[in-house]
Amino acid sequence: MVEKIFVAIKFHFLKVLASIIPPMTNADIADTFDRIANLLEIKGEIIYKVLAYRRAAESIRTLTGDLANLSEKEILAIPNVGQAITEKIQELLRTGQLDFLIKLETEVPSSLLDLLLIQDVGPKKVALFWKQVGVTNLQELERIARAGKLKDLPGMGEKSEVRILSGIDALKQARTRLPIHKALEIANEWLIILRKIQGVDRLEIAGSLRRWKTSIGDLDFVGSSNVPGQVMQTLVNLPGILKVISQGENKTSVEIADHLNMQVWLQPTERFGSLWQFVTGSKEHNIRLREFAVRKGLSLSERGFLNHDLKEILCPNEVDVYQNLHLAWIPPELREDQGEIQASQTSTLPDLVTINDIFADLHTHSHWTDGKSTLEEMVQAAISRKISVIAITDHSISVTGSMAGMDAKRLDEQKREIQKLQEKYGDTITILHGIEAEVGEDGNLDLPDEVFASLDIVVASLHFSFNQSREVITRRLIKVIQHPHVDVIAHPGGREVPRTEGNDIDWEKVFRAAQENQVALEINSNPIHLDLNEKHARAASEMGVLISINTDAHSVQKFENLKFGVSIARRGWVQKTGIINTWPTRKLLSWLKNRK
């Protein structure tokens, strides 16, 4: 009787607990298992236990259905999920916590996990720092590294110590900067507000956001006004201004939400062009431009030019700044002192791509796997954006980690639906049937070659095993590039903004393989990826590698991300002709056909 009462009380307690604890999502549970795997590896647990949690996390993260809605039998059917993992999933769903993890965190300081955010620092190095010199958090690691106490540890050295410190500095910077998509959203909201201030004649975005940098430290706006004092006084009293840092007639600096600083610069209309050029930057570009002006006998500032006779040359438009120096106007994305002034002088600036030049999106997803929109909704959205070719490339089975992944049978079913849509929309759009195939740890794909041969396009990508050595992950990429049916490599670097710049890869070898096999490397427009980055995009393009800018859209709304991929190509000096998405439909389809 006592036992029955106890069970009843326990059942009632769990019911009450479940009603007040927010249900854990698939992502929450996957993150928990990743956390366990990292702590176990730091602790020194045998590798198969560590891999069991990592592989379970990978499978769970890409499930299309909610774990909370699955029975125990259905959870057990998920790849890489056995009985022990299933029981832990059920415990997390019931209580929102895991006794095993709570105990583990008493054995291994959870603050050590912050060290994994440093580029090129994995669990083994964290274990080394913890066990050899007693490091338990980022602050202690930085202090010990700056004291020169890391270089003498096994497997370390001066170069490794310098890389650790650089990684810590990069992590600090990332934590104080906004990803471009968030910064752009905030800036556009403020642009509307600031343009409504009485006395403002013109107002535009400037600074690093106008140059489309991946992350933004603060927001800069430039404007023209004949009553700057009045405008600035209105500005500092606007709702949303948390703190006035400085106030003047030509420049006012304020703090807005999330400790983000915003600068507003004003000049009369006849000086607007020089102001816009100056505030857009970059600092390095402006220094080089001023040096160039001096050689022409001119002094350049945000107010315009002064010649030898101290006579002003005003620039109401930005193009006037460059014209007065006998230079072609330089797009903001190129203004990083990377040879753009010399290229402008010799008329060799690249023919940069714009959103209007993109006629094809070769990497999209639908509700057949982890997308949120139907096939027809994706097609309609593409048509509305003047896209002529859309490739539906849902995930293969290894990525989804569930029966919702694309295997041969489901691809046949999807092909029939795509054929019906093609008949319905006719010449309005070309719908390609493809797949995003997973690249295994050994560089092999997860479906038979005959399946890939039957598709219009094959996009291959890496989603896991990023902790492999430089040599191994490079070989893995090259092997899939050499696959006879692979057309595009998606987000090749494994970049995850702002956490990491990506995997340690021998890019020259990868670019050479891509060029030799005429496989396109993707610039993924998802703001979390932006991969290739601008540095790698430029190097690839200069080696003759074909580039493909795709949205990786998982819903109709995500087609909006195209502008971020285009910005990477522009910052990377990629010539429009080398981007396959800009090709006429016939040329693109011919390229794909000839690759089969």
Participant: Quick one about S274 and E302 (side-chain donor to acceptor, distance below 3.5 Å, no hydrogens or angles considered), yes or no?
Facilitator: no

Participant: Tell me whether T106 contacts the main-chain N or O of K103 through its side chain, where contact means a donor paired with an acceptor under 3.5 Å.
Facilitator: yes

Participant: Quick one: ring-ring contact (aromatic ring centres under 6.0 Å, His included) partners of F221, sequence neighbours excluded?
Facilitator: none

Participant: For residues D504 and Q468, is any side-chain donor paired with an opposing acceptor at under 3.5 Å?
Facilitator: no

Participant: If you count the non-hydrogen atoms of other residues, nucleotides and ligands that lie under 6.0 Å from NZ in K131, is the total more than 12?
Facilitator: yes

Participant: Does the distance from a Lys or Arg side-chain N to an Asp or Glu carboxylate O, for R210 and E204, drop under 4.0 Å?
Facilitator: no

Participant: Looking at every non-hydrogen atom in both residues, tell me the closest pair between I505 and P492 and how far apart they are.
Facilitator: CD1-O, 3.8 Å

Participant: With a distance cut-off below 6.0 Å to the six-membered ring centre and an angular limit of 45° from the axis, does R512 pair with W507 as a cation-pi contact?
Facilitator: no

Participant: Does L445 reach the side chain of E438, with side-chain heavy atoms less than 4.5 Å apart?
Facilitator: no

Participant: Determine whether more than 12 heavy atoms belonging to other residues, nucleotides or ligands lie under 6.0 Å from atom CD of Q90.
Facilitator: yes

Participant: Please step through salt bridge (charged side-chain N to carboxylate O under 4.0 Å, His left out) for the pair R288 and E291, ending with a clear verdict.
Facilitator: CA-CA 5 Å; R288 194 72 65 196; E291 290 173 350; 3.4 Å; yes

Participant: Measure from the side-chain N and O atoms of E161 to the backbone N and O of L150, and report whether any donor-acceptor pair falls under 3.5 Å.
Facilitator: yes

Participant: I need the minimum non-hydrogen distance between S396 and D446, along with the two atoms involved.
Facilitator: OG-OD2, 2.6 Å

Participant: Got a salt bridge between R55 and E441, using NZ or NE/NH1/NH2 to carboxylate O under 4.0 Å?
Facilitator: yes

Participant: Can you measure from CD1 (I256) to CD1 (I186) and round to the nearest 0.5 angstrom?
Facilitator: 6.0 Å

Participant: Tell me whether the count of non-hydrogen atoms from other residues, nucleotides or ligands lying under 6.0 Å of NZ in K563 goes above 12.
Facilitator: yes

Participant: Do L67 and M24 have side chains that approach each other closer than 4.5 Å (heavy atoms only, starting at C-beta)?
Facilitator: no

Participant: Of the non-hydrogen atoms in V480 and A460, which two are nearest, and what is the gap between them?
Facilitator: CG2-CB, 3.7 Å

Participant: Could you give the distance from CH2 (W212) to CG (L530), rounded to the nearest 0.5 Å?
Facilitator: 10.5 Å

Participant: Passes salt bridge (charged side-chain N to carboxylate O under 4.0 Å, His left out), D169 versus R163? Steps please.
Facilitator: CA-CA 10 Å; D169 290 340; R163 282 199 300 271; over 6 Å; no

Participant: Taking R571 as the fixed residue, which of E333, E336, E340 is the one that meets the salt bridge (Lys or Arg N to Asp or Glu O under 4.0 Å) rule?
Facilitator: E336

Participant: Take R538 and E542 through the test salt bridge (charged side-chain N to carboxylate O under 4.0 Å, His left out) and record every step on the way to the result.
Facilitator: CA-CA 6 Å; R538 183 172 184 177; E542 289 175 350; 3.1 Å; yes

Participant: Can you tell me how far OG1 of T280 sits from CD1 of I330, rounded to the nearest 0.5 angstrom?
Facilitator: 12.0 Å

Participant: Can you find a side-chain donor-acceptor pair between N533 and H536 that sits under 3.5 Å?
Facilitator: yes

Participant: Checking S461 against E436: is there a side-chain donor and acceptor pair closer than 3.5 Å?
Facilitator: yes

Participant: Cation-pi check, K88 to F100: give yes when NZ or CZ is under 6.0 Å from the six-membered ring centre and within 45° of the ring axis, no otherwise.
Facilitator: yes

Participant: Checking the side chain of D531 only, and the main-chain atoms of R495 only, is there a donor and an acceptor separated by less than 3.5 Å?
Facilitator: yes

Participant: Do D220 and W265 have a side chain donor and acceptor closer than 3.5 Å?
Facilitator: yes

Participant: Is it the case that E140 and T136 place a side-chain donor and acceptor less than 3.5 Å from each other?
Facilitator: yes

Participant: Within the side chain of W276, is there an N or O that forms a donor-acceptor pair under 3.5 Å with the backbone of I205?
Facilitator: yes

Participant: Can you tell if the side chain of V126 reaches within under 4.5 Å of the side chain of L141, non-hydrogen atoms only?
Facilitator: no

Participant: Quick one: do the N38 and R54 side chains pair a donor with an acceptor below 3.5 Å?
Facilitator: yes

Participant: Just wondering, do I473 and L462 contact through their side chains at under 4.5 Å, heavy atoms?
Facilitator: yes

Participant: For the CD1 atom of I180 and the OG atom of S567, what is their distance to the nearest 0.5 Å?
Facilitator: 5.0 Å

Participant: Less than 6.0 angstrom separating the ring centers of H363 and H554, yes or no?
Facilitator: no

Participant: Would you say the side-chain atoms of S282 and R335 include a donor-acceptor pair closer than 3.5 Å?
Facilitator: no

Participant: Hey, is the main chain of G440 close enough, under 3.5 Å, to the side chain of N444 for a donor-acceptor pair?
Facilitator: no

Participant: Closest approach of A569 and V353, non-hydrogen atoms and distance?
Facilitator: CB-CG1, 3.9 Å

Participant: With a 6.0 Å cut-off (strictly less than), is the heavy-atom count around NZ of K151, excluding the residue itself, greater than 12?
Facilitator: yes

Participant: Nearest heavy-atom pair of V133 and K149: which atoms, and what distance?
Facilitator: CG1-O, 4.4 Å

Participant: With a cut-off of 6.0 Å (strictly less than), are more than 12 heavy atoms of other residues, nucleotides or ligands near NZ of K182?
Facilitator: no

Participant: Just wondering, do F278 and L300 contact through their side chains at under 4.5 Å, heavy atoms?
Facilitator: no

Participant: Can a donor-acceptor pair be found, under 3.5 Å and without considering hydrogens, that links the side chain of R476 to the backbone of V439?
Facilitator: yes

Participant: Are N526 and N561 linked by a side-chain donor-acceptor pair shorter than 3.5 Å?
Facilitator: no

Participant: A quick test of your reading: do over 12 heavy atoms of other residues, nucleotides or ligands sit less than 6.0 Å from CD of E87?
Facilitator: yes

Participant: Does either side chain, that of E318 or that of W329, offer a donor lying less than 3.5 Å from an acceptor on the other one?
Facilitator: yes

Participant: Calculate, to the nearest 0.5 Å, the distance between atoms NE2 and CG belonging to H483 and D487 respectively.
Facilitator: 10.5 Å

Participant: side-chain contact (heavy atoms from CB on, under 4.5 Å) with L219: which of N261, L209, V264?
Facilitator: L209

Participant: Is there a donor-acceptor contact under 3.5 Å linking the side chains of H529 and D552?
Facilitator: no

Participant: What's the spacing between L235 CG and Q247 CD if we round to 0.5 Å?
Facilitator: 7.5 Å

Participant: Tell me if a side-chain donor or acceptor on T474 pairs with a main-chain N or O of D506 at a distance below 3.5 Å.
Facilitator: yes

Participant: Quick one, L98 and I36 - any side-chain contact, counting heavy atoms below 4.5 Å?
Facilitator: yes

Participant: Checking side-chain polar atoms at under 3.5 Å, does D28 have a donor or acceptor matched by the opposite partner on T25?
Facilitator: yes

Participant: Has the side chain of S344 got a donor or acceptor atom that lies under 3.5 Å from a matching backbone atom of L327?
Facilitator: no

Participant: Below 4.5 Å, heavy atoms only, C-beta onward: do Q267 and N250 meet side chain to side chain?
Facilitator: yes

Participant: Applying side-chain hydrogen bond (donor to acceptor under 3.5 Å, both in side chains) to Q263 and S253, what does each step give before you reach the verdict?
Facilitator: CA-CA 4 Å; Q263 283 76 238; S253 181; 3.0 Å; yes

Participant: I need the minimum non-hydrogen distance between L39 and E105, along with the two atoms involved.
Facilitator: CD1-CG, 3.8 Å

Participant: Would you find a donor on one side and an acceptor on the other, under 3.5 Å apart, between the side chain of E522 and the backbone of H491?
Facilitator: yes

Participant: With a 3.5 Å distance limit and no angle check, can you tell me whether E255 reaches the backbone of I241 through a side-chain donor-acceptor pair?
Facilitator: no

